[in-house]
Asker: 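Sharing a structure, written as structure tokens. Questions coming.
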Amino acid sequence: MTGASTPRGTYLPAGLPAPLPSADGLDAPFWSAAREHRLVVQRCNSCHTFQWTPEWICHRCHSYELGWEEVQPAGILYSWERVWNPSHEAVAPAVPYLIVLVELPQAGNIRMIGNLLGDPLQDVVIGSALEAEFEDHPGPEPYTLVQWKLPK
Amino acid sequence: MTASTISGKTAIVGIGETGWYRHGRSPKAEFVLALEAITRAADDAGLDVRDIDGIAGFAYDRNEPGRIANALGLPEIKFSNMHWGGGGGGGSAAIGNAAAAVAAGYANYVVVFRAIAQGQFRRLGQAMQQDVAHFPENPNTPGHSYAAPYGLFAPAHMFALRVRRFLYENDIGPDAQAAIALAAYHHAQQNPRALMHGRPITREQYDGSRWIVEPFRLFDCCQESDGAAAVIVTSTERARDLKQTPAFILGAAQGSGQRYGAALHNDSDYASANQRKVAERLYAMAGVEAKDVDVVQAYDHFTGGVIMSLVEHGFCRPDEVNSFCTFGNLSWPHGRLPLNTSGGNMAECYVHGFELITEAVRQIRGTSTCQVAGAGISLVASASMVNPTSSLILNR
């Protein structure tokens with residue numbers, strides 16, 4: 001059963017891999033900020049282009065000087081899919097579940113993947129305004145995912 | 001004019017295939033499948049397999065040229081090429097790479113092949129359980145952390161998001177996807193080699209099939225198969241001396257538009273097959289247009305991807321998809337544009353689209369089980385929505 005009704009209060013059950021900050025340190029700031037319930041996006045210090053997923057170089061101006069900017073935790077539903085076939089044993093109890101692609105106009109229209117909270121069978125409308133919800137995963141190596149929901 | 005081009009300088013002169021098996025059911029080792037396909041291609045061409053002096057592959061095939069050459073006792077190898085990246089998007093590119101090698105004088109007879117026996121390794125369609133648990137498998141590949149924890153990790157998941165946006169932007173209804181699946185299964189009924197031969201489907205069965213990931217039902221997704229297929233590329237001069245009708249390589253193109261795919265759905269041209277520019281260069285090299293094409297093999301990993309390939313190769317505009325992508329138009333023998341005429345990845349077998357290439361050759365030879373009368377221009381679009389992708393035009 002999906003939604004906030006898994007015993008841990010997470011959208012998907014335990015057993016999926018935890019996000020792993022890149023070994024070369026590239027995206028550690030994103031995951032630290034998420035744990036603090038802040039949404040940050042990589043932004044070039046030279047040309048101010050937002051960039052996602054993080055990379056060492058700005059794809060627009062080729063500067064290696066990239067920072068992280070906090071942005072409003074909101075976005076627009078750009079695309080979606082409803083997964084029915086459990087192609088990993090961890091999600092077998094959780095299907096169907098919703099994956100969304102969320103565009104952030106306040107961050108140069110970068111797009112992030114997440115889950116859409118709530119009824120997994122809900123009608124999904126492209127263009128819906130969404131709010132982020134930070135989903136804590138406690139444990140010996142805690143992490144926080146950025147999820148999405150329709151505002152009340 | 002001595003423009004630098006491979007157009008018209010090479011031809012496919014031999015094709016070889018193993019039997020097709022459902023995934024994991026090959027009774028033979030994967031390497032044996034590769035050897036069989038390669039030796040059959042040589043036999044089909046009327047060559048001694050030891051005439052092969054070049055080997056080209058794609059999709060990080062496990063069967064390395066050094067091992068193949070040594071196993072067959074090939075006297076010499078002058079070209080050894082793996083097309084870099086793009087998985088099933090690389091089949092046409094591998095043909096183009098072989099053609100370039102022949103045209104440049106590197107080698108005389110280049111075999112291009114693909115061999116897959118998944119049960120011996122792992123299933124393509126499942127999340128790679130081991131990899132997902134220990135990702136990033138390749139620490140130089142960013143992005144896994146931003147997808148897998150949200151339950152996005154299998155190929156169907158990756159493509160469904162993009163297809164959904166394409167369907168939305170162009171107001172495409174479900175009938176187009178259904179038509180593609182039905183045409184493939186229809187063609188498989190004529191093809192005794194096809195794994196779905198004797199297993200036709202109706203629209204009702206298509207509509208009643210379970211969702212895999214919306215917008216893909218079971219019958220919107222290709223099979224997973226074991227098998228191998230190979231072709232031999234040589235110069236047009238040598239081709240004319242061999243026993244088969246040559247399938248001349250009129251055009252081959254590979255590549256990608258800007259920032260496609262690699263940035264985890266952050267490409268500016270999102271709802272795209274990534275084939276617009278490849279198709280432009282393909283037609284420019286070949287000197288033909290979409291309207292000149294008699295028969296199409298368009299990589300059907302998912303029906304939605306086929307629609308996008310057809311649009312970006314100019315067969316219909318996005319706003320024409322609903323009226324163009326019909327069973328009537330896409331099915332042999334009466335369709336305007338017969339599509340995936342041996343059953344495709346969906347209904348013949350899934351050897352990463354290499355069986356689409358052998359079928360495209362058969363259409364030129366006149367030996368297809370769904371032979372388009374007078375087929376003279378035969379196009380293959382390799383996998384859409386990958387970076388890089390590729391496509392190919394053969395002519396008689």
Side-chain angles (χ1 to χ4, degrees), chain A residues 2 10-13 15-24 26-27 30-31 50-56 59-60 78-91 94-103 108-115 124 126-127 135 137 143 145-148, chain B residues 123-169 209-218 221 258-259 262-268 270-271 304:
Chain A
T2 54
T10 58
Y11 185 74
L12 291 174
L16 281 176
L20 206 58
S22 173
D24 56 8
L26 172 62
D27 62 353
F30 175 81
W31 297 107
F50 284 97
Q51 178 160 276
W52 198 253
T53 48
E55 190 49 279
W56 284 112
H59 70 270
R60 189 164 160 270
Y78 190 80
S79 191
W80 65 279
E81 61 193 22
R82 185 156 26 228
V83 181
W84 291 83
N85 188 56
S87 57
H88 187 289
E89 57 197 359
V91 295
V95 291
Y97 60 90
L98 281 167
I99 295 171
V100 286
L101 185 64
V102 182
E103 192 166 71
N109 291 310
I110 62 102
R111 305 188 197 108
M112 293 187 169
I113 288 167
N115 297 121
V124 181
I126 290 175
E135 182 182 271
H137 291 243
Y143 62 92
L145 298 181
V146 180
Q147 301 290 27
W148 300 91
Chain B
R123 276 185 76 176
L124 290 170
Q126 294 292 76
M128 278 75 88
Q129 310 281 354
Q130 185 181 338
D131 302 341
V132 171
H134 297 100
F135 77 80
E137 182 184 52
N138 177 355
N140 273 344
T141 306
H144 294 291
S145 287
Y146 302 99
Y150 302 100
L152 191 161
F153 37 64
H157 305 152
M158 293 187 254
F159 294 120
L161 270 183
R162 197 178 290 273
V163 169
R164 167 63 67 193
R165 182 73 194 189
F166 180 82
L167 298 174
Y168 163 82
E169 286 186 2
S209 70
R210 62 190 172 94
W211 289 115
I212 299 299
V213 48
E214 296 176 45
F216 302 146
R217 293 184 182 279
L218 179 67
C221 305
Q258 190 179 46
R259 274 178 72 71
L264 206 68
H265 304 266
N266 270 265
D267 20 17
S268 48
Y270 181 70

Asker: Got a second to check how far B:R165's CZ is from A:Y78's OH, nearest 0.5 Å?
Answerer: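 Answer for the CZ-OH pair, B:R165 versus A:Y78, is 4.0 Å.
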
Asker: Out of curiosity, B:F153 CZ to A:H88 NE2, how far, rounded to the nearest 0.5 Å?
Answerer: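 NE2 of A:H88 is found 6.0 Å from CZ of B:F153.
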
Asker: Rounded at 0.5 Å granularity, tell me how far CZ in B:R217 sits from CG in A:N85.
Answerer: 13.5 Å

Asker: Below 4.5 Å, heavy atoms only, C-beta onward: do B:Y270 and A:R111 meet side chain to side chain?
Answerer: yes

Asker: Got a second to check how far B:M158's CE is from A:E81's CD, nearest 0.5 Å?
Answerer: 10.0 Å

Asker: Parallel, tilted or perpendicular, judged at 30° and 60°: which one describes the rings of B:Y146 and A:W31?
Answerer: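 Plane angle under 30°, so parallel.
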
Asker: Got a second to check how far B:N266's CG is from A:I113's CD1, nearest 0.5 Å?
Answerer: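 The distance works out to 8.5 Å.
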
Asker: Hey, which of B:L218, B:L161, B:L152, B:V163 has the most heavy atom pairs under 4.5 Å with chain A?
Answerer: B:L161

Asker: Tell me whether B:S145 contacts the main-chain N or O of A:P21 through its side chain, where contact means a donor paired with an acceptor under 3.5 Å.
Answerer: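 It does not hold such a pair.
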
Asker: For A:V91, is it the side chain, the backbone, both, or neither that has a heavy atom closer than 4.5 Å to a heavy atom of chain B?
Answerer: side chain

Asker: Indicate the atoms forming the closest heavy-atom contact of A:A18 with B:P149, along with that distance.
Answerer: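 In terms of heavy atoms, the two residues are closest at C-CG, 4.4 Å.
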
Asker: Can you list every pair that meets side-chain hydrogen bond (donor to acceptor under 3.5 Å, both in side chains) and has a residue in residues 150-160 of chain B, with sequence neighbours left out?
Answerer: none

Asker: Quickly, which of A:V124, A:L101, A:I126 forms a side chain to side chain contact (heavy atoms under 4.5 Å, CB included) with B:R164? Name it, please.
Answerer: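 Passing option: A:I126.
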
